[in-house]
K.L.:
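After the structure tokens below, expect a handful of questions from me.
Predicted, not measured: the structure shown is a model, and the values here were computed from it. All heavy atoms count here, side chains included; hydrogens, waters and symmetry mates do not. Positions are given from 1 along the sequence.
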Amino acid sequence: MNSRQTRHGRSLRRWLAGGALLGVLIVIFYSEENWRGQRAWDDCRRAMQAQGVKLDWGDYAPAPVPADENVFGVPEMQKWFVERTTTNVNLRPPTALSIKLSSYPWYGSKQTAPLVTDQLADALAGLRNQIISNRTARLVVAELKIELPGPSIRNDSNAAVLPWGEPQAKAEAGRLIKEALGPVVIDPVEFPFMVRQPEEIRPAQIVVQCQTKPTEHELAEFLPKPIATATYPDIGKLQVESVGKDSYKVTMLAPDTVAEYLKWSEELEPELALIRKALQRPYARMDGDYSDPIGMPVPNFLAIRLIWQRLAAMAQCHLAQGKPEEALHDLTLLNDLGRILEESRPMTLMSAMINAAVRALYAGTIDDGLRRHAWREPQLAALEKQLERIKLPAQAKQAFEMSRVSCFLLLQTVPPAQFFDVDYPNFPQTNVLTSLKAVVVRGIIPRKWTVPVLAKMMPRGWVGQNMVALAHRYADLLASLEPGGQTIFPDKVNAASQKDQDISADPSPYTFMASRTVPNFSKAVQRFAQNQEMVNQTLIVCALERYHLAHGEYPETLDALAPQFIAAVTRGVIGGKPVHYRRGTGGTFILYSIGWDGRDHGGERGSARGKANADGDWVWPAFEP
């Protein structure tokens, strides 16, 4: 044997020995990591069970109920309001109810109504925007004359005389046009409806004093829009047309009337009657497979949102007509439909968030009637009973507890390689793929390796370590919420969220999966808190209005309301601090609560109205017209 062969043999033995050693080290590494991860998770699981935390998914699944006592035992309720997560909703045929809810007479043929799909919101927005270009009927809301230096052309003693260019003149012109147009209802999708019929409109008479004659465009700029919505900025845009020397007519697109809206909505009455009857049943359990959170049935949020918007709009129209009992009928159904979300078990975070948004819509519609003084004693008393039962923060805590268990189940049952490729609707939406690409495992795994390779090669023990990290993170977050669920302490929530963010900012092999499965806790809790505060304030204002109806004025303090007009004045959600109230001038009042920053700003709103901003008080009404 020559020296060259000897060297090759030695090299081969070294490579084989090195490979064997590497194999042994890999086996030891995997064995150690798997053992450590399993032991850590076993210890963590025992500790949580000792604290009363339920970790068995079966504990969260709803028990079967008799079909004849179940809201969803009515076939139409199951068909209209239940969505299975394994179903591709883009291929789902529309129901008769969904077509009625999503089609408006203004669109023309109802055969063009969009299906209930993931693209429904965009489709509806596009169709609504076509209304402006498709409608041609215009309504005269003002007759305007220009008065230049020289002999007066004024022949109408009732005309309002406004000096050109002064800010208060522009505001007064807007007031006069709004007064001529009369009450206008803005429905939840921001479409306007007039209370008056077109023939009842008496155009505002306006004389504008000018030094030089303005153009029609300048006159249009001088007159503010009587109706303004963020979604449809062209609605309410005024046009100025010359009708003679120095005389003009001011027109706008003619909105539909409240009566027309309600007449068109009558076609929904068979479905609404069926829903009302179904909701008289004591249980609300969706039919489906609850064995795992991936394929369980969930509420059809699009259909729910559409019908709630319609009911809110109907209630506003009835209030505008001076029919509070009919408005209560609409809002009672809207409130009762909340059972679809509130009694759905397990309570998902999406269900809780949608329910919170709908409760805000419900309270906002009540507030609309309170601002108009449209409610009467019987309706106010009934609304108080409904408002008292709304407990949003408690539902939020249930949703986060369910989210914790579902994440544990996901990590335990789904192979890591699949975990990064599958979208699970019932789990918090994550971008684990991007996160994992950014992880460098202490120099052991190079950054350039792809996610599938990393997922297949990672020790199973890392899953256990991530589950432990997930358990600790949820424990900190849930501990920041009061056990009773109706008081929230922002400093605790912010501290827990900041700790969670710090962990997410520097992921390790033991935390990178957990760092992307926890939802935005602080933002979600802020929204629950503000919507609950909106409900609480609406409850108090119902009692204030009842007091006003009985005494002809508002009380000096909120203490005068209990127990005749309210069982007890609710305290603020933030820190359980008292709600602030004071009487204003001219039969008005100011009602506000401490906002997220925990400081009293004297009733000054934050910079972002209608949002859970941190720089101001939460003032009634939350959404001003």
K.L.:
Rounded to the nearest 0.5 Å, how far does CD of Gln398 lie from CD of Glu401?
P.N.:
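Reported value, rounded in 0.5 Å steps: 7.0 Å.
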K.L.:
Show, in sequence, the C-alpha distance, side-chain angles and deciding distance for Ile206 and Leu176, and conclude whether the side-chain contact (heavy atoms from CB on, under 4.5 Å) test is met.
P.N.:
CA-CA 8 Å; Ile206 300 174; Leu176 291 169; 4.1 Å; yes
K.L.:
Decide yes or no for Met77 and Ile340: does some side-chain heavy atom of the first lie under 4.5 Å from some side-chain heavy atom of the second?
P.N.:
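With C-beta onward as the side chain, the pair touches.
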K.L.:
With the threshold set at 4.0 Å, does a side-chain nitrogen-carboxylate oxygen contact exist between Glu377 and Arg546?
P.N.:
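Between Arg546 and Glu377 there is a salt bridge, with a charged N closer than 4.0 Å to a carboxylate O.
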K.L.:
Quick one: pull up OH in Tyr592 and CZ in Arg605 and give me the separation to the nearest 0.5 Å.
P.N.:
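Answer for the OH-CZ pair, Tyr592 versus Arg605, is 13.0 Å.
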K.L.:
Okay, side chain of Ser344, backbone of Leu341: is any donor-acceptor separation there less than 3.5 Å?
P.N.:
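Yes, Ser344 side chain to Leu341 backbone: donor-acceptor pair under 3.5 Å.
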K.L.:
With distance as the sole test, does Glu533 use its side chain to make a donor-acceptor pair with the main-chain N or O of Val573 at under 3.5 Å?
P.N.:
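Checked: pair present.
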K.L.:
Say whether, by atom type as modelled, one donor and one acceptor occur between the side chain of Arg345 and the main chain of Glu342 under 3.5 angstrom.
P.N.:
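A pair under 3.5 Å: yes.
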K.L.:
Are there more than 12 heavy atoms of other residues, nucleotides or ligands under 6.0 Å from atom NE2 of His217?
P.N.:
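Open.
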K.L.:
Working to the nearest 0.5 Å, report the span between CG of Asp336 and OG1 of Thr332.
P.N.:
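Separation between the atoms: 6.5 Å.
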K.L.:
So do the side chains of Cys542 and Leu387 get within less than 4.5 Å of each other, counting heavy atoms only?
P.N.:
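Cys542 vs Leu387: side chains touch.
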K.L.:
For Ile177 and Ala142, work out which heavy atoms get closest and say how close.
P.N.:
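Scanning both residues, the minimum pair turns out to be CG1-CB, 4.1 Å.
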K.L.:
Can you confirm whether Pro555 sits close enough to Leu561 that some side-chain heavy atom of one is under 4.5 Å from a side-chain heavy atom of the other?
P.N.:
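Yes, side chains in contact.
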K.L.:
Measure up the Phe565 and Tyr547 rings against each other and bin them: parallel (under 30°), tilted (30 to 60°), perpendicular (over 60°).
P.N.:
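Answer is perpendicular, since the angle exceeds 60°.
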K.L.:
Picking from Leu319, Leu380, Leu544, what satisfies side-chain contact (heavy atoms from CB on, under 4.5 Å) with Leu370?
P.N.:
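With Leu370 as partner, Leu319, Leu380, Leu544 yield a single side-chain contact (heavy atoms from CB on, under 4.5 Å), made by Leu380.
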K.L.:
Judged by modelled atom types alone, do Tyr554 and Glu545 share a side-chain donor-acceptor pair under 3.5 Å?
P.N.:
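Yes, side-chain donor-acceptor contact under 3.5 Å.
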K.L.:
Answer yes or no: does atom NZ of Lys249 have more than 12 heavy-atom neighbours from other residues, nucleotides or ligands under 6.0 Å?
P.N.:
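12 or below, so no.
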K.L.:
May I ask you to test the Ile227-Pro255 pair for a side-chain heavy-atom distance under 4.5 Å?
P.N.:
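With C-beta onward as the side chain, the pair touches.
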K.L.:
Do Glu218 and Trp164 have side chains that get closer than 4.5 Å, going by heavy atoms?
P.N.:
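In short, these two side chains touch, coming nearer than 4.5 Å.
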K.L.:
Is a side-chain N or O of Lys145 found less than 3.5 angstrom from the main chain of Gln205, in a donor-acceptor match?
P.N.:
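Such a contact is absent between Lys145 side chain and Gln205 backbone.
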K.L.:
Go through it in stages, so that I can follow the logic: the residues are Val74 and Arg281, the test is side-chain contact (heavy atoms from CB on, under 4.5 Å), and I'd like the CA-CA distance, side-chain angles, deciding distance and then a yes or no.
P.N.:
CA-CA 10 Å; Val74 178; Arg281 299 186 176 191; 3.6 Å; yes
K.L.:
So which heavy atom on Ile566 is nearest to which on Leu539, and how close?
P.N.:
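Ile566 and Leu539 have their closest heavy atoms at CD1-CG, 3.9 Å.
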K.L.:
Just so I know, are the side chains of Glu241 and Thr251 near enough to count as touching, which here means a heavy-atom distance under 4.5 Å?
P.N.:
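The answer is yes; the side chains approach within 4.5 Å.
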K.L.:
Please list all pairs meeting ring-ring contact (aromatic ring centres under 6.0 Å, His included) that have one or both residues in residues 309-337, counting only residues at least two apart or in different chains.
P.N.:
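Qualifying pairs: none.
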K.L.:
Decide, yes or no, whether a salt bridge links Arg175 with Glu179 under the criterion of side-chain N to carboxylate O below 4.0 Å.
P.N.:
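The answer is yes: the pair qualifies as a salt bridge.
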K.L.:
For Ala327 versus Trp375, what's the shortest heavy-atom pair and its separation?
P.N.:
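Looks like CB-CH2, 3.8 Å.
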K.L.:
Would a distance-only check, ignoring hydrogens and angles, find a side-chain to backbone donor-acceptor pair under 3.5 Å from Arg196 to Ala180?
P.N.:
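Yes, the answer is positive, given that a donor and an acceptor are paired below the 3.5 Å cut-off.
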K.L.:
Is a side-chain N or O of Gln537 found less than 3.5 angstrom from the main chain of Met534, in a donor-acceptor match?
P.N.:
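A pair under 3.5 Å: no.
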K.L.:
Say you draw a straight line from OH of Tyr362 to CG of Asn335; how long is it, rounded to the nearest 0.5 Å?
P.N.:
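CG of Asn335 is found 4.0 Å from OH of Tyr362.
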K.L.:
Atom CD in Gln309, atom OG1 in Thr365: separation rounded to 0.5 Å?
P.N.:
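OG1 of Thr365 is found 10.5 Å from CD of Gln309.
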K.L.:
Output yes when Arg276 and Glu269 qualify as a salt bridge under the 4.0 Å nitrogen-oxygen rule, no when they do not.
P.N.:
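So Arg276 pairs with Glu269 through a salt bridge.
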K.L.:
If you apply the rule side-chain contact (heavy atoms from CB on, under 4.5 Å), what do you find for Val579 with Arg571, and how did you get there?
P.N.:
CA-CA 6 Å; Val579 177; Arg571 300 179 75 84; 5.7 Å; no
K.L.:
Does Tyr283, at its OH atom, have more than 12 non-hydrogen atoms belonging to other residues, nucleotides or ligands within less than 6.0 Å?
P.N.:
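Open.
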K.L.:
Count the heavy atoms belonging to other residues, nucleotides or ligands that lie under 6.0 Å from NZ of Lys237, then report whether that count exceeds 12.
P.N.:
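12 or below, so no.
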K.L.:
Using modelled atom types and a 3.5 Å cut-off, is there a donor and acceptor pairing between side-chain atoms of Lys323 and backbone atoms of Ala320?
P.N.:
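Side chain of Lys323 to backbone of Ala320: no pair is present.
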K.L.:
For residues Arg310 and Tyr261, determine if any side-chain heavy atom of one lies less than 4.5 Å from a side-chain heavy atom of the other.
P.N.:
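Yes - at least one pair of side-chain heavy atoms lies under 4.5 Å apart.
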K.L.:
With no hydrogens and no angle check, is any side-chain donor or acceptor of Gln395 less than 3.5 Å from a backbone partner on Ala352?
P.N.:
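Pair absent, no side-chain N/O of Gln395 close to backbone of Ala352.
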K.L.:
Given Leu337, which partner from the list Val358, Leu311, Ile304 fulfils the side-chain contact (heavy atoms from CB on, under 4.5 Å) test?
P.N.:
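That would be Leu311; it is the only one of Val358, Leu311, Ile304 passing the side-chain contact (heavy atoms from CB on, under 4.5 Å) with Leu337.
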K.L.:
Heavy atoms only: give me the nearest Ala567-Ala562 pair and the separation to one decimal.
P.N.:
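So the two residues come closest at O-CB, 3.9 Å.
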K.L.:
What distance do Ile275 atom CD1 and Trp80 atom CH2 have between them, rounded to the nearest 0.5 Å?
P.N.:
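It is 5.5 Å, given to the nearest 0.5 Å.
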K.L.:
Charged N to carboxylate O below 4.0 Å: is that the case for Asp368 and Arg371?
P.N.:
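So Asp368 pairs with Arg371 through a salt bridge.
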K.L.:
So, Arg339 side chain and Leu279 main chain: donor-acceptor pair closer than 3.5 Å or not?
P.N.:
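Indeed, once roles are kept as given, a pair shorter than 3.5 Å links the two residues.
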K.L.:
Taking all heavy atoms of Trp308 and all of Gly338, pick out the closest pair and write down the distance.
P.N.:
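Distance-wise, the nearest heavy atoms are CZ2-N, 3.5 Å.
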K.L.:
Looking at every non-hydrogen atom in both residues, tell me the closest pair between Ala159 and Val207 and how far apart they are.
P.N.:
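Minimum heavy-atom separation between Ala159 and Val207: CB-CG2, 3.8 Å.
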K.L.:
Kindly determine whether Glu343 and Val71 satisfy side-chain contact (heavy atoms from CB on, under 4.5 Å), including the steps that lead there.
P.N.:
CA-CA 11 Å; Glu343 297 183 22; Val71 169; over 6 Å; no
K.L.:
Can you find a heavy atom in the side chain of Leu591 that is under 4.5 Å from one in the side chain of Ile540?
P.N.:
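A side-chain contact exists here, since the closest heavy-atom pair is under 4.5 Å.
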K.L.:
Mark yes or no for whether Asp617, through its side chain, and Gly602, through its backbone, hold a donor-acceptor pair below 3.5 Å.
P.N.:
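Yes, Asp617 side chain to Gly602 backbone: donor-acceptor pair under 3.5 Å.
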